[in-house]
Amino acid sequence: MAAAPVRQRSGAGGHRAQLPPCYYEGYLEKRGPKEKVGSRLWTCLCGNSLYFFNNAKDTHYVEKLDLSGFVSLKDDCSRDRNLEAARLILRMKDGETKLTAPNLESRELWKGFLYSVIDLNVPSCLTLLPGQLQMLKEVVDKERSRRRSRNPARAPPSPLSVPLVGEIPACFRPVSRTEAEVLLERHPDCGNMLLRPGRDGCSLAVTTRQDLNGSVFRHYRVTQRDQGGYVIDVENPIPCATLHEVIDALVEKTAGTLQPFLLEEPYEENITYVSANDENGERILHTAPSSPLPKAPALPPKQGLSRSPLSRSPAPDRRILTSPVPASPTNPMRRLILSPSPLAQTLNEELKVKLEKRRASQE
């Protein structure tokens with residue numbers, strides 16, 4: 001049964017010709033944060049906003065949903081009267097909007113177009129055909145061009161251009177939303193919460209992972225305040241003076257359940273180098289020897305420097321004992337060696353007497 005027309009709200013109703021280029025459109029059942037009953041509306045994704053019309057022929061929209069306040073998008077597995085219907089929960093900073101697509105394929109397409117416009121990147125986590133992925137790529141290119149033309153002086157948003165102020169926590173990683181989820185799932189022992197750049201390049205986000213019959217990921221936006229400091233954009237915003245206080249606040253609010261993600265990068269244990277084989281020229285990876293290098297020989301002492309009083313004197317040369325005594329009459333060693341002993345003196349006197357007697361007899 002067709003839904004009743006929605007009354008046009010004040011401030012809405014712009015002409016369709018004045019809207020940004022339309023990337024995707026179709027019927028969706030929409031139920032806003034303050035609405036108790038959903039309404040089936042013709043929905044157009046124009047630029048970075050969703051525009052809702054009573055039907056496909058209307059030229060004035062009845063409601064607009066700006067996607068700049070995007071927080072998350074997830075499937076709603078609750079059952080519907082229409083068994084083929086597929087639900088979505090689009091969470092914004094000011095509340096949740098529930099959308100219902102006609103079938104699973106339509107829901108997957110809507111998710112693809114929404115992610116492409118919000119992230120300015122083709123999502124890789126969806127099940128889409130090659131032709132549909134090509135459509136998303138064209139949408140990303142068109143939306144980037146549209147934003148550049150609107151803000152020519154501003155550089156295109158980049159995850160690495162976040163103006164970080166103050167000391168950066170160790171759990172900061174320059175990764176995307178999907179890469180953050182992969183990191184946390186691959187290394188559960190290193191922590192379950194990391195800080196990363198936001199989607200728009202002008203904010204930050206905290207990604208967390210917990211186990212509840214499988215991985216449960218949550219993403220929290222962290223924006224910088226004009227007066228200084230940061231604020232965690234939740235239902236009751238949490239102001240923080242520094243990024244370290246942002247992490248500490250989440251640890252405290254969860255009673256220590258969330259812990260910063262600290263991944264220890266591996267380091268090499270050996271020194272390796274690449275060299276070419278002399279015979280065939282093939283380049284081979286070698287491991288340097290791990291034995292300690294030989295010590296360099298000690299340099300001889302410089303001339304002109306006095307010998308240290310603690311230095312050893314050279315060993316005496318034993319040949320000094322057999323060397324001839326210097327011919328100095330004042331040398332005590334010479335006097336000791338040349339002075340005759342008493343026995344030798346007596347023999348000399350007797351020999352002298354005998355020589356004199358023999359000489360006298362011969363005469």
Side-chain angles (χ1 to χ4, degrees), residues 16-28 30 41-53 56 61 64-76 86-92 97 99-162 173-183 185 196-205 207 217 219 221:
R16 182 178 292 196
Q18 301 173 352
L19 301 181
C22 182
Y23 301 134
Y24 192 63
E25 57 186 352
Y27 275 109
L28 287 177
K30 172 191 168 294
L41 301 172
W42 183 259
T43 308
C44 297
L45 176 61
C46 300
N48 194 34
S49 300
L50 287 173
Y51 295 87
F52 300 95
F53 301 82
Y61 63 87
K64 173 187 174 182
L65 181 60
D66 190 351
L67 297 176
S68 59
F70 175 84
V71 176
S72 65
L73 178 65
K74 63 180 181 178
D75 296 341
D76 184 1
R87 293 183 173 182
L88 276 174
I89 297 179
L90 177 60
R91 186 181 177 194
M92 310 296 290
T97 299
L99 304 173
T100 304
N103 49 56
L104 293 174
E105 182 182 359
S106 176
R107 181 178 71 178
E108 204 74 358
L109 270 175
W110 273 109
K111 288 165 59 178
F113 280 97
L114 289 172
Y115 277 132
S116 298
V117 169
I118 294 169
D119 294 339
L120 291 178
N121 195 15
V122 178
S124 59
C125 57
L126 303 178
T127 306
L128 297 173
L129 298 174
Q132 295 169 336
L133 293 174
Q134 180 61 31
M135 291 169 54
L136 298 184
K137 184 178 181 303
E138 294 175 359
V139 166
V140 171
D141 295 338
K142 291 179 181 178
E143 180 62 13
R144 284 178 176 171
S145 300
R146 186 186 74 87
R147 295 189 189 183
R148 279 196 297 265
S149 63
R150 290 181 58 190
N151 304 302
R154 181 179 176 182
S158 170
L160 300 179
S161 64
V162 179
R173 292 274 164 174
V175 296
S176 65
R177 172 185 287 238
T178 304
E179 291 169 339
E181 295 178 354
V182 172
L183 268 179
E185 195 156 27
R196 61 176 179 82
R199 294 175 180 270
D200 55 3
C202 300
S203 63
L204 295 164
T207 298
F217 296 101
H219 306 274
R221 186 189 299 271

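All values below come from the heavy atoms of this structure, side chains included, with hydrogens, waters and symmetry mates left out. Because the structure is predicted, anything quoted here is derived from the model rather than measured.
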**Item:** Verdict with supporting geometry, Asn48 and Phe70, side chain to side chain contact (heavy atoms under 4.5 Å, CB included)
**Value:** CA-CA 10 Å; Asn48 194 34; Phe70 175 84; over 6 Å; no
**Message:** Quick check against the 3.5 Å criterion: does Arg144 have a side-chain atom that pairs as donor or acceptor with the backbone of Leu120?
**Reply:** yes
**Request:** For Arg107 and Thr100, indicate whether the former's side chain and the latter's backbone hold a donor-acceptor pair under 3.5 Å.
**Result:** no
Between atom [atom1] of [X] and atom [atom2] of [Y], what is the distance when rounded to the nearest 0.5 Å?
{"X": "Leu65", "Y": "Leu99", "atom1": "CG", "atom2": "CG", "result": "8.0 Å"}
{"X": "Tyr51", "Y": "Leu19", "atom1": "OH", "atom2": "CG", "result": "5.0 Å"}
{"X": "Leu109", "Y": "Gln132", "atom1": "CG", "atom2": "CD", "result": "4.5 Å"}
{"X": "Phe217", "Y": "Arg177", "atom1": "CZ", "atom2": "CZ", "result": "11.5 Å"}
{"X": "Glu138", "Y": "Lys142", "atom1": "CD", "atom2": "NZ", "result": "6.0 Å"}
{"X": "Leu128", "Y": "Glu105", "atom1": "CG", "atom2": "CD", "result": "9.0 Å"}

Where is the tightest heavy-atom contact between [X] and [Y], given as atom of each residue plus distance?
{"X": "Ala86", "Y": "Asn103", "value": "CB-O, 3.6 Å"}
{"X": "Cys46", "Y": "Pro20", "value": "CB-O, 3.5 Å"}
{"X": "Leu67", "Y": "Met92", "value": "CA-CE, 3.7 Å"}
{"X": "Pro197", "Y": "Val175", "value": "CD-O, 3.7 Å"}
{"X": "Val117", "Y": "Gly47", "value": "CG1-O, 3.1 Å"}
{"X": "Ala56", "Y": "Tyr27", "value": "N-OH, 3.7 Å"}

**Request:** Could you walk me through whether Asp75 and Leu88 pass side chain to side chain contact (heavy atoms under 4.5 Å, CB included), step by step?
**Result:** CA-CA 5 Å; Asp75 296 341; Leu88 276 174; 3.6 Å; yes
**Prompt:** Is the NZ or CZ atom of Lys30 both under 6.0 Å from the centre of the six-membered ring of Phe52 and within 45° of that ring's axis?
**Reply:** yes
**Request:** Output all residues satisfying side chain to side chain contact (heavy atoms under 4.5 Å, CB included) with Lys137, sequence neighbours left out; order by chain, then residue number.
**Result:** Val122, Gln134, Asp141
Taking the side chain as every heavy atom from C-beta outward, state whether [X] and [Y] have any atom pair closer than 4.5 Å.
{"X": "Leu90", "Y": "Leu50", "answer": "yes"}
{"X": "Arg146", "Y": "Pro21", "answer": "yes"}
{"X": "His219", "Y": "Glu181", "answer": "yes"}

**Request:** Could you label the plane-to-plane angle of the Phe113 and Tyr24 rings as parallel, tilted or perpendicular, counting under 30° as parallel and over 60° as perpendicular?
**Result:** parallel
**Prompt:** Taking atom CD of Glu108 as the centre, does the number of heavy atoms from other residues, nucleotides or ligands within less than 6.0 Å exceed 12?
**Reply:** yes
**Request:** Sequence neighbours left out, what passes ring-ring contact (aromatic ring centres under 6.0 Å, His included) with Tyr115? Give chain and number order.
**Result:** none
